[in-house]
Every structure is written in C-alpha cells, then in structure tokens.
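For reference, the structure is listed below as structure tokens.
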Amino acid sequence: MRHLAITHLVVNRYAQAIGRLRGERSMSMWVLRLFGRRVDNRSKASELAAPLIGWLPVTVLGVAVGLVMIALAYSAARAGSGPSDFLYWLGIMVMIVSGIFALLEPTLTRTERLAIVVVLALGFYLVKVLLEPTAFTFLDEFQHLRTTNDILGTGRLFTDNPLLPVSPLYPGLELATVSFSQLTGLPVFYSGVVILGAARLLFGWAVFSFYESVGASSSVAGVASLIYMSNPGFMFFDSQFAYESFALPLGALVLLSVARREEGGQRMGWTAILIAAVAALAVTHHVTALMISAFLLMWAAISVFVRRETQAQSPLGPAFLMLVASVGWAVYVATSAVGYLAPHLVRALTDVLDLVGGALPGRELFRSGAGLDAPVYERIAALGSVALILAALPFGMWSIWTRHRRSAAAVALAAVAALYPASLALRVTPRGAEIAARASEFLYLGVGFVVAVAIIEFRVVGRWTARALLTAAGAVLVAGGLVIGLPQWARMPGPYLVGADPRSIEPEGIRAAEWTLQWLGTDNRILADRTNRLLLGTYGQQHAISSAADRVPVAALYLAPSIGPKELEILRVGRIQFVLIDRRLSSALPIVGVYVERGEVAQGAHLEPVSAEALGKFERPGVGRLFDSGDIQIYDVQSLLQASP
Amino acid sequence: VTDNVKAGPLITAIACPIAALLCLATTGPVRFAAGAILALGLSGYGWTGALFPAGALRGIDRVALTAGIGLVVAVITGIGLSVLGFKLEAQWFAVAFALSGVAGSVLEALRSQGTSLRIPRPSPLEALRSQGSSLRIPRPSPLELLVLGVAAIALAAAGQLATVAVAAQPRPAFTQFWIVGVPEDPETVRVGVLSMEHTSTKFRIEINVDGRIGVWVSEVSLAPDEQRITDVKIPVNGRTIEANLYADGIGKPYRHVVLYRATASAPSEQWRGRG
C-alpha cells in the first residue's frame, strides 16, 4: 500500500504519454514510410511499439557518418592538410542533430529513446577513442596506466605510483581492466577501451533510467540525458582512461537503484544492485563517491518535507550506506586521499576570495598558457551554451515547483541545478576553473533534468519549428560544452607542441623512456618535465620524481639557471639518480602553462620560454651524459649526490 | 536439476565454467571471445536473472544491466581476491567470474521454483516500462538492415581511418645514441645506436678516452628502426669516456655521450649509468 499513490501517479503519466502517441501524426510517419514500413492510422500504434524502427536506424547512421567525418578530420590534422576543423565540427553536428532531432520526436517508444541515448553516449565516447586509437595519451591516462601495469606486473594491489599516489588506493577501473586483459589476452590499452565502452553503455542506460524514474516520463529522460551529455567533461574527460570515467557510471547505477527501490517492485533486486554498486564505487573514485553521498543525503533531507504527500521512501539508508562506504574506505585504506583532495579545494576557494579582494588577477577565458586563443565561433558556442542553460533554468525550476514538488528526487535535482550559476564564478581563476570543470559532471545531473522538464512540460516539442529550434539549441549546448571541456589543440591531433599533454606525446620521448627500462632497470629516481615524467613512469617503469609523491620542489631544480647549493640539496633530499632533459622546452612557452608541474610560477604564467642555459646546466665534469637522441638527453647525477654534503 | 528449473539458468551455469576453461586453455580470438563473454556477459547475466523476473527487465535494460553487473563483479572480485591473498592473475579471475555466474544462475533457479526466495511479479509500472522491449527483436525491414549495415561499415571505416592516420603521421626523424658500463667487466663499455631516421643512414662512432681522440672508431649503416650495440674495450686507467656519433654528411658530432668511471672498488660499481 505504501507505494500505491506514487505508482498510480507514474502509471497515469505513462498512459497519458501513450495516449498522446496514438493521437498524433508526426515526422516519424514519413521516416517509417521511407524505411518501407506501411503506416496508417490503424497500424500506427502497433508499428511504433516495435523496437529498432523509426528514428533509431537514422540516428545510428547519423552517428556513424559523423564519426567517419571526425576520423577524416583527425587524419587531415595529422597530415597537416585539409579543412580538419570544418570536417570535425561537421561530424559533431551530424551526430548531435541526428540524435537530438530524433529524441524530440513525441511518438518514439521508450525503447527507442533509450536506445538513441545509448547510441549517442557510445558515439561521443568513440570521438575520444578515434583521437588516439592506438595508445593512451592524456595525462590522467598515464597515471592510471601506471597503476594498471603495476597490478599486472605484481599481481597485487596498492603498489606505489609516483605519478598519482592516490590512484592505487582506488583501483576499481584498474581491476576491471586487468581482469578483462587477463581473461581475454588483450593488451591493456584495448582492454581499457572495451571496459570504458561497457561503462559508457551502463552510463547511458542508468542516467536515462534514473531520469525516467524521477520524471515519470521517457520523453523527459531522453532530453535530460542528452543535456547531461552536453556537460563539458562528457566527451573527453569522462571518456579517458581514468577512475572518474569508470566511477560516474557506477554512481548513476547507485542513483538508479535508489530511485527504483522507491518505486516499490523488485525491491530486493535493486537493493542487491545498490549494495554492490556502492561497494564498487567506494573503491573506485573518492570525489564521485562523496558527491553521490552528498546528493543522496540532500535527497533524503528533502524527502522529510515531501514524504507525507507522496508516501515515497526516504533514501536515508542508501545515503548513509554510500557515505559510510566512501568515508570508511578513505579512512581505513585510502588515508592519503584527504591530503590529496583538501589542498585543491582550499586553494581554489582562496583563489576566488583573492580574486574578489583584488589580490589575484583573473584567468583569461579561451586562452591557453602559451597565449593560443580559441576561434571566435568556438567562443560563441561556449558562451551560447552557458546562456541557454541560464535562460532555461528558471522555466525548469518553475515547472518543477508546479508539477514535481512532491518528488524529493526532482527537488534535489533542482537544488543541484541551482548551483550551476555559482560554478561559473569559479571559472575565472585557474584552480577554480579546474574544480568547476570537475564539478560539471555532477551539476549537469540537475541541469539536464531541470532544462528537460522545461522543454517537455512547456510542450514545445512536437511542432516542426520548435523542434528545429530546439535541435539548434541542443547543438549549441553540446558544441559549447565540448569547447569549454577541451581546447582545440588538445581536441585535435597534430605535430608536437611544448607542454601540451596529449600533443607532447611522440615517439622520441616514448623511445627514451623505453631505453631507461632496458638499460637502467626499473624504479630509478629520475627528474623530468611534465610530459617525460609520464612516459618514464609508464613506458619506462621508473620512479619519476614529483613534488606530490616525493615532497621535493622538482620544478625549482629543473628550471634553475645553474646548479648551486639549493639545487644540490634538492638532488640530495629527492635522492635523484638521473635527470632527463628535453631541449625542445626552450623553444616555446608551455601550452598548459607549466613545464614541470603546477605552482612552478608564483603567479600568472611563464612570460618567456625556459632558457637553453637552464636546460644545459647538467653539462659539467663528473656528470655522465648516458643518452642522447637529439632533443632528449639523460644525465647520471649520482656523482653530484656524493659531492653534496 | 528438476523439470521445474528453466533452461536459461542451467545454460548459464554450464557456460560459465566452459568459458573460464577456454580463457585459460586457448589463445587468440577464442580466448578473447570466451573472456569477453565471461567478464561482461555471463557473470552479470546470471545475476540479472536471479534478481529480476522476466517481465520486470527486458531487452536493452537487461543488456545494459548485465554489462554493469559484470563491471561491478570485476571490481568486487578483484578486491576479494586481494583480501584473500590470491594474486590477481588469469586463473583466479576466471574462477571468480565463473563462480559469480554460477551463483547467480543457481539463485535464479531456486527463486523460480517457488521457494521463499521467489521473485515477486513485476509491478504495473515495471510492466508498462518494459512494454515494447523484448529480447526478441522484431525482424527489421530490408531497408533498415541496409541502413544498419551501412552504419556498421562506416564505423569500421572510421576506426580504420583513424588507426592508419596514426601510423602515417609525419614524425621528425631522430637517432638514439648511448653509452653504459658493463657491470661484469670494468674494462668494457657498451655503446648503442638506434636509427629512427627516415632513410638508411651511415654513422661513424668515435670513442675518446681521457682526451685521447679516436681510441676506437667504427662505421655502421643502419636502416630505419635498426640498432647496433657494440662492446668496446677501453684502457684500464681510463676515467672519462666520451663517444661521438657522426651521421652521413654532417661534419660535427650528431650525438654526444659521456661516461665516467667511478672510483669504487667493486667492479660492478665502477661504472655509473647502471641502475
């Protein structure tokens, strides 16, 4: 009896939706005819009830054609010829438009909507995979590749990772990848691609189903899922081989389990799924686990006020379960996680306060550390996407207040969406921008729902002109999110760039790292710049020194103009055996703003490239120069250690 | 097994150990297929059957949840194996995944037999949600098949294009040149050249000891991606060993490396450059 009221309400909504479906004539009829389906008024409903008809094949084809265009764009960019940007955006637009236009079709069945959402989610994932289809190249990917290699090499968890010390303490992604690699015999890279593809399938389904449960409508769920996918991190950051990419689908599964438990039926099944997903999430990613805990607690708190009216169950139990699991893992296993996360948050807040107080210059939007500006059309798309969301939020909030305020989950999602404008303020400082970018995956959970409710409840879907306008707006949302999420130089392949993370990964550096493994053995303590540190830590299996893992100011030594007492002290404290110097660094400013690691410049950014003299300071008697590949030299500095007091 | 047990759980329960054995006993495509099915299919499918009745979760929902449970099982079994002291190796993963799938199938069989574990019937909402989604996908029309086929070909083409472009990307040429000591022989150094030039290139290696030019000289011609490693005897008292690499047509040293002999007494410690 407890769930009868809410179940009755939800069933009625579905029945109304199906009733509307039967009484409307729309574009899908035309497409059905095009596809050889006989459609008349009597057979329309039964034809539409069947899966894999109507818009789904069109969307699949649109996504596939879009991906071909993107692959052509990547090829042109690698070859340094052709209109790569044009092809890229054309491909993205074909994918987006085919998906959005289909999702706005009011006569779609629930299965079609869900399938289209999943196809789009997988398509967006493949945009990233096609960028580098043979190896991991993003910074975070190297950090987790190191942990994966260590597990494969030792058969044990919790080994040291000098690239990201907290990574081995949250081994969910690595365990899934290692198990798949061990069972199938696939190399780590391809195993990771498959595992993240499966996770993306789960993500698309779980997000859609969660929205569907909360909004009691597959139409809302379809549009909300699409808007969620427009978040800046979705296409690249959440597709990379990193723990958050794996944790977000698990988080969505947790939310879905809680929502379905509230509905009543199959309570035991969803409780089992909930417990398993909570356990997996707690050991996969700290921030995602905490964010999901916070959301569930907020949901539970809100349900105290709306419970009497809806008879819905409070998610307090799942909230505490998630909180205890994530905090428990952090306290008993991942003890260094707090020390890793806290400074980032404190510094970001300090930056914002300093900015407000005028003590810190603001961050220049759409400009890289080396002064590369984003094209005007990209800026317009980015600002347009923000403006569209800000414009739609009040309507969605109003709609939720008038129609969904009895649903604690809907109100909780609205509360999350209300934080979105505040997150924009963080983007004006460098560290705040990173936190805002990381927060977008969670804030868009609310933004997607609220904006979708505004679109669906205000019944702007169905009319041709409205659909065309909404499709254009959706395209701006996704394109804008893409621009905000990743700058052009990182989105496209091409020749080597200084300090540009994926664009700095190239054969000379990889071969140098492999040389260290072959001729120096493993786990030597080596100082290097940001890019070569990643390569040494993975391809070279070395202990690449960092201030985070080794508590020594490595950037101060690497960038120092000469070797003095201070530099010798760093060598001694860091027990540095070898130094890898990349002479290309003196040819340009670093695109990401730093040569070695964050904080190397007190304020602002480098104004001129590091000098050739600074990079040549290890050319001195007694210091062996063991390796030379033109741009890269490796020095044996152990004699300096013996010389220093 | 009684007549009341449905075929589904029985097949899953039998398939799990077979897939696990194939993972361990075969290689290549068979191992890949067996491993992928075991990791992302069978282990999760067994549990979706155990936890949800046929009417509550169908079609795409069951496929997605099956993959999701497979991922969750991977994480939990990995942590479990580690806690129990097992090494995270193929045989233990295979056993763990197979056991997971079998456990789910057994539970499904028990629940379908009307015990206290019986699966409740789908609620009206669940039945409505699963309306139109069935494991049996209606036969698509020829045109739909054509469209999906074209899409599949386009996807494969996109993957191939992107992969070929990586290999074809123009890269700057470079050559590695190195020198390291030979720990077991204090009178020998090892010199190596790896050519990553775009064409076959002639190199000349010149070794100088304590300022004496040309103590050892050699010429070598290397094709792209070819390397040459040479052990060179040097004078007993030599302390500073410099090696220059001259490339075809370049007058000044193309690459330059230096090795210092340490003063440590043990032969294995006399050469720096060995980690």
Portion of Leu161(B) that has a non-hydrogen atom of chain A nearer than 4.5 angstrom: both
Segment of Phe97(B) engaging chain A (4.5 angstrom heavy-atom cut-off): side chain
Distance (rounded to the nearest 0.5 Å) between Trp205(A) CH2 and Arg62(B) CZ: 10.5 Å
Residue among Asp631(A), Ile273(A), Val65(A) with most heavy-atom pairs under 4.5 Å to chain B: Ile273(A)
Spatial distance of atom CG (Leu183(A)) from atom CZ (Phe32(B)) [nearest 0.5 Å]: 11.5 Å
Most chain B-contacting option - heavy-atom pairs closer than 4.5 Å, from Phe158(A), Phe203(A), Phe246(A): Phe246(A)
From Arg625(A) atom CZ to Tyr260(B) atom OH, the distance as rounded to the nearest 0.5 Å: 11.0 Å
Pairing residues for Val283(A) by the side-chain contact (heavy atoms from CB on, under 4.5 Å) criterion, not counting sequence neighbours: Trp329(A), Val75(B), Ile79(B)
Under 4.5 Å from a heavy atom of chain B, the part of Ala135(A) involved: neither
Side chains of Leu114(A) and Asp61(B) in contact at under 4.5 Å (non-hydrogen atoms): yes
Side chain to side chain contact (heavy atoms under 4.5 Å, CB included) evaluation trace for Leu253(A) with Leu65(B): CA-CA 9 Å; Leu253(A) 186 58; Leu65(B) 189 57; 4.0 Å; yes
Arg171(B), part contacting chain A, at a heavy-atom distance under 4.5 Å: side chain
Residue part contacting chain B, namely of Leu126(A), when any heavy atom lies under 4.5 Å: side chain
Pairwise distance CD(Gln176(B)) to CD1(Ile634(A)) - rounded to 0.5 angstrom: 8.0 Å
Between Thr516(A), Thr284(A), Val63(A), Leu130(A), the one whose heavy-atom pairs under 4.5 Å with chain B are most numerous: Leu130(A)
Non-hydrogen atoms of Arg78(A) and Ala165(B) that approach each other most closely: CD-O, 3.3 Å
Side-chain heavy atoms of Leu194(B) within contact of Arg511(A), under 4.5 Å: yes
Contact check, side chains of Val58(A) and Val147(B), non-hydrogen atoms, under 4.5 Å: no
Interchain contact, Val623(A) with chain B, by part (heavy-atom threshold 4.5 Å): backbone
Separation of Lys87(B) NZ from Ile151(A) CD1 (nearest 0.5 Å): 13.0 Å
Region of Ala67(B) in contact with chain A, defined by heavy-atom distances below 4.5 Å: side chain
Pairs of heavy atoms under 4.5 Å with chain A: top-ranked of Ile37(B), Val166(B), Ile69(B), Leu22(B): Val166(B)
Pairwise side-chain contact, Phe627(A) with Val180(B), heavy-atom cut-off 4.5 Å (strictly under): no
Heavy-atom pairs under 4.5 Å with chain B, option from Ser75(A), Pro171(A), Gly80(A) with the top count: Ser75(A)
Which atoms of Pro507(A) approach chain B - backbone, side chain, both or neither, heavy atom under 4.5 Å: both
Test item: Leu88(B) and Leu175(A) side chains (from C-beta on) under 4.5 Å apart, heavy atoms: yes
For the student: nearest non-hydrogen atoms of Val68(A) and Ala154(B), plus distance: CG2-O, 3.1 Å
Contact origin within Pro493(A) toward chain B - heavy atom pairs under 4.5 Å: neither
Heavy-atom closest contact (Val60(A) atom, Ala151(B) atom, distance): CG1-CB, 3.6 Å
Ile76(B) to Ala276(A) - nearest heavy-atom pair and separation: CD1-O, 3.7 Å
No-hydrogen, no-angle side-chain donor-acceptor test under 3.5 Å, Asp628(A) and Trp178(B): no
Considering all heavy atoms, the nearest Phe180(A)-Leu40(B) contact: CE1-CD1, 3.8 Å
Region of Ser179(A) that comes under 4.5 Å of a non-hydrogen atom in chain B: both
Side chain, backbone, both or neither of Thr522(A) within contact of chain B (heavy atoms, under 4.5 Å): neither
Proximal component of Leu61(A), with respect to chain B [non-hydrogen, under 4.5 Å]: both
Region of Leu186(A) in contact with chain B, defined by heavy-atom distances below 4.5 Å: side chain
Chain A interface, residue from Gly70(B), Gly35(B), Ala168(B), Gly68(B) that has the most non-hydrogen pairs under 4.5 Å: Gly35(B)
Contacting region of Phe208(A) [heavy-atom separation from chain B under 4.5 Å]: neither
Note, Met268(A) side chain near Arg111(B) side chain (heavy atom, < 4.5 Å): yes
Engaged part of Thr163(B) at the chain A interface, taking heavy atoms whose separation is under 4.5 Å: both
Max heavy-atom pair count under 4.5 Å with chain B, selected residue of Gly155(A), Ala71(A), Ala64(A), Ala272(A): Gly155(A)
Nearest-0.5 Å distance, CG of residue Leu71(B) to CG of residue Leu250(A): 7.0 Å
Part of Ser181(A) within contact of chain B (heavy atom distance under 4.5 Å): backbone
Interface moiety of Ile229(B) toward chain A, non-hydrogen atoms closer than 4.5 Å: side chain
